[in-house]
Amino acid sequence: MKFAVTLGSAAVAAFAFAIATPAVASAQQSSGCHGSYSPCLPIVSDVDCEGGSGNGPVYTGKVKVIGPDDYGLDRDGDGYGCE
């Protein structure tokens with residue numbers, strides 16, 4: 001019976017995490033950060049890689065892509081942009 005209670009507690013904790021996670025992404029976007037990139041990239045019309053041929057208006061170094069790559073920074077699809 002103790003195992004069933006522990007398993008039930010773990011399931012509740014996992015469910016709570018799944019519910020809370022979208023709120024974090026929404027909070028990042030409302031703070032001016034695009035939720036698909038780490039570190040934070042601003043929500044603007046376009047972001048390009050530093051030293052590349054893009055026309056900005058914002059430039060960035062290496063970033064981790066954790067959602068849809070709206071700015072097209074991860075050309076090889078490995079989860080990292082501007083590498």
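We use all heavy atoms of the structure for the numbers below, so side chains are in, but hydrogens, waters and symmetry mates are not. Fair warning: this is a prediction, and the values are worked out from it, not measured in the lab.
Between S36 and D69 there is no side-chain heavy-atom pair separated by less than 4.5 Å.
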Atom pairs and distances, donor-acceptor, side-chain atoms in residues 70-83, under 3.5 Å, two or more places apart:
unit_1	atom_1	unit_2	atom_2	d
D70	OD2	H34	NE2	2.9
Y71	OH	P42	O	2.8
Y71	OH	V44	N	3.2
Y71	OH	V44	O	3.4
D74	OD1	G77	N	3.1
D74	OD1	D78	N	3.2
D74	OD2	D78	N	3.4
D74	OD2	G79	N	2.8
D76	OD1	D78	N	3.3
D78	OD1	Y80	N	3.0

Output side-chain donor-acceptor pairs under 3.5 Å for residues 49-62, partner residues at least two apart or in another chain, one line each.
unit_1	atom_1	unit_2	atom_2	d
Y59	OH	G54	O	3.3
Y59	OH	G56	N	3.1

